[in-house]
Amino acid sequence: MAKSRTKNSIINSTASITTQVITVLMDFVVKTIFISILGSTYLGINGLFSNIITLLSLADLGIGIAIPYSLYKPLANKDTEKIKSLMKYYAKVYNIIGLVVLGIGLSITPFLPHIIKNMPDDIPHIYLIYMMFVTHSALSYLFVYKRFLIDSDQKGYIVSRITLICNISLNVVRVIVLLLTKNFVLYLACSILFVVIQNVWYSIKANKLYPYLKDKDVKDLNKKDLKEINRNIKSLFIYKIGNVIANGTDNIIISKYIGLITVGLYSNYLLIINSINNVVSQIFNAITSSIGNLIATNNEKSKMVYEKLNFFNFYIYSLCAVCLFILLNPFIYLWIGHEYLLSAIVSALLALNFYTAGMGSVTNSFRTAYGLFYIAKFRPIVMVVLNIVISVILVGPFGIAGVVAGTVISRMLTTAWLDPYIVYKHGFKESPRDYYFKYIFYLLIFTASSALIKLITDYITVNSIISWIVIALITIIIYHIIIILIFYKTEEFQFFYHKLKLAIKKIMKKLKHA
């Protein structure tokens, strides 16, 4: 079983990462064409409306997190009747959610002039554009619950394959539409069409993998199961508020207090950061189902697995964050020009925000796998209040830097320490003291590494892709030297070092026999 979990994790992670890398590359192509054809005002509108839709995703009440947890045990036990009942329930819920999102989203339409500072007159059909964003969001809930079933059964690679094909097709059509028509409405219509195609495909594939989903005779969930699910959903709704508002309010605050053009500049940075995060997070998202299976069948090993994964989590996110700190502004300069640059302090804070958010990935996976939704369910409310208040206070004197700093500070005061406490106390039944010491140690290493590499790379002027690559290589090499010097003798480092050596040996062996 352990080998099966490991194999599934590797397959799912590889498929997810491949999908995300290709998607990211295509997104950059589309974004470059988008900017050159439609300009920064449309870019700002796209970023702002995307953030409003992110806030509307609160309507799913966190069910997307509750579904996998409720499915781990019945899937492990091959309890088809329980799975059928769960799917019947989630189908009803998601149909309601789609209608709620559509209704709430459309009701906001008259208030757009109060959200956008200096409402642009040069964008026709702005209300139609917003309504198309809302329609896309509502239709994204169609049949999506069946995708969660495939994922929870450690078959995420199937979802990745469908997602990849649809993303490639969508982006090709988007580029053609932009080049031929230069029409933003038609650009959005492509997104609406493909979100329907993608979700219908998930449904057809799930029905083939699990033929019992087509059974007409399906029992309703018993009161005990329904009570537990509803309790988790209520807790997750509050939990999700924190995550959504932390990630979804920045552009709205910037639009309100600074302006729409600045939202467009900021969205370019977010495109890069979110693209990297989407790739990296696939590693940890892909193993969540395996963690759920581990806890359901062999909980004694869970803390040992957690500690190893947490070190790997630090390695990946600190490497990416250091690279963002050093390379983000030079990349923007080479990609779209000096006029799209934000200040160095904004770039540094975005890298720190990426790191602090990423360091919770493994903890979130374990919290989800354990089903620890109810405990400290009001913590996100505190985070939301802190985030908004601090961001609004700081945006005046510090601009965008103050908004990003508000997000970092609110996370450090809440999620960064409380979520690990919950996992250790209620999952592992141990004190989280050692975790906190490691967290501080890791943060110091990340900060010191960033400062050292910045001092070294500042001597190189970036004026071409070659010089940018040189700085990137220097950053990666110095970072790895630091990590090896500090962690080489630790158990976690040796574990992954030996795994890497075994993988290289297998690859070399296959190449010899090829």
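Looking at Tyr315, Tyr355, Phe354 one by one, the single match for ring pair (Phe, Tyr, Trp, His ring centres under 6.0 Å) with Phe446 turns out to be Tyr355.
Between Ile97 and Val101, the closest side-chain pair of non-hydrogen atoms falls below 4.5 Å. The side-chain heavy atoms of Tyr266 and Val404, taken from C-beta on, include a pair separated by under 4.5 Å. Between Phe428 and Phe366, the closest side-chain pair of non-hydrogen atoms falls below 4.5 Å. Using a 4.5 Å cut-off on side-chain heavy atoms (C-beta onward), Gln198 and Ser140 make no contact. Under the 4.5 Å side-chain criterion, counting only non-hydrogen atoms from C-beta, Asn167 is not in contact with Phe194. Here the side chains of Leu178 and Leu38 are in contact, with some heavy-atom distance below 4.5 Å. Residues Val185 and Ile129 have side chains in contact (heavy-atom distance under 4.5 Å, counting atoms from C-beta outward). Considering only heavy atoms from C-beta on, Ser318 stays 4.5 Å or farther from Tyr442 through its side chain.
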Requested in this report: Evaluate side-chain contact (heavy atoms from CB on, under 4.5 Å) for Thr414 paired with Leu386, printing each intermediate quantity in order.
Outcome: CA-CA 9 Å; Thr414 53; Leu386 286 172; 4.2 Å; yes
Query - Test log, rule ring pair (Phe, Tyr, Trp, His ring centres under 6.0 Å), inputs Phe184 and Phe34 - result: CA-CA 9 Å; Phe184 188 47; Phe34 185 102; 5.6 Å; yes
Report task. Step by step, work out the side-chain hydrogen bond (donor to acceptor under 3.5 Å, both in side chains) result for Arg147 and Ser203. Result -> CA-CA 7 Å; Arg147 188 198 79 192; Ser203 178; over 6 Å; no
Query - Lys438 vs Glu307, salt bridge (Lys or Arg N to Asp or Glu O under 4.0 Å): CA-CA, chis, key distance, verdict - result: CA-CA 10 Å; Lys438 279 187 178 179; Glu307 289 177 340; 5.1 Å; no
Requested in this report: Go through the steps to decide whether Leu271 and Ser275 satisfy the test side-chain contact (heavy atoms from CB on, under 4.5 Å), and finish with yes or no.
Outcome: CA-CA 6 Å; Leu271 172 66; Ser275 296; 3.9 Å; yes
Requested in this report: Start with the C-alpha gap between Ile22 and Ile168, add the side-chain angles, then the distance that decides, and say whether side-chain contact (heavy atoms from CB on, under 4.5 Å) holds.
Outcome: CA-CA 8 Å; Ile22 295 173; Ile168 290 173; 4.1 Å; yes
Report task. Evaluate the side-chain contact (heavy atoms from CB on, under 4.5 Å) criterion for residues Val93 and Tyr145: first the C-alpha distance (whole Å), next the side-chain angles of each, then the deciding distance (0.1 Å), finally the verdict. Result -> CA-CA 10 Å; Val93 171; Tyr145 62 94; over 6 Å; no
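Aromatic rings of Phe143 and Tyr94 (six-membered ring for Trp) have centroids beyond the 6.0 Å cut-off, not under it. Aromatic rings from Tyr424 and Tyr306 are positioned such that their centres are separated by under 6.0 Å.
Residue Tyr436 places its OH atom among more than 12 non-hydrogen atoms of other residues, nucleotides or ligands, all under 6.0 Å distant.
Between Val134 and Leu106, the shortest heavy-atom contact is CG1-N, 4.0 Å. Gly98 and Ala138 make their closest contact through O-CB, 3.5 Å (heavy atoms, listed as atom of the first residue, atom of the second, distance). Residues Ser391 and Val403 approach most closely at OG-O, 3.3 Å, considering heavy atoms. Heavy-atom minimum distance, Thr415 versus Pro420: O-CD, 3.6 Å. Of all heavy-atom pairs spanning His426 and Lys429, the tightest one is O-NZ, 3.4 Å. Scanning all heavy atoms of the two residues, the minimum distance from Trp417 to Met412 falls at CD1-O, 3.7 Å.
How far CG of Leu352 is from CG of Leu324: 11.5 Å, rounded to the nearest 0.5 Å. Put simply, CG on Leu270 and CG on Leu350 are 6.5 Å apart, with the number rounded to the nearest 0.5 Å. Summarising the geometry, atom NZ belonging to Lys31 is positioned 15.5 Å from atom CE belonging to Met26; distances are rounded to the nearest 0.5 Å. We find the CG-CD1 distance between Leu75 and Ile150 to be 11.0 Å, quoted to the nearest 0.5 Å. Taking CD of Glu492 as the reference point, atom CG of Asn313 lies at 12.5 Å (rounded to 0.5 Å). Here Leu413 contributes atom CG and Ile390 contributes atom CD1; the two are 6.0 Å apart, rounded to the nearest 0.5 Å.
In this structure, a donor-acceptor pair under 3.5 Å is absent between the side chains of Asn387 and Arg411. No hydrogens or angles considered: a donor-acceptor pair under 3.5 Å links the side chains of Asn207 and Lys146. Residues Tyr202 and Thr163 have side chains that bring a donor and an acceptor to within less than 3.5 angstrom of each other.
Formation of a donor-acceptor pair under 3.5 Å by the Tyr130 side chain with backbone atoms of Gly105 is found in this model.
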Return all side-chain donor-acceptor pairs below 3.5 angstrom for residues 213-221, not counting sequence neighbours, or 'none' if the list is empty.
residue : atom : partner : partner atom : Å
Asp215  : OD2  : Lys84   : NZ           : 3.1
Asp220  : OD1  : Lys88   : NZ           : 2.8

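Ionic pairing of Lys425 and Glu430 is not present here: no N-O contact between side-chain nitrogen and carboxylate oxygen is shorter than 4.0 angstrom.
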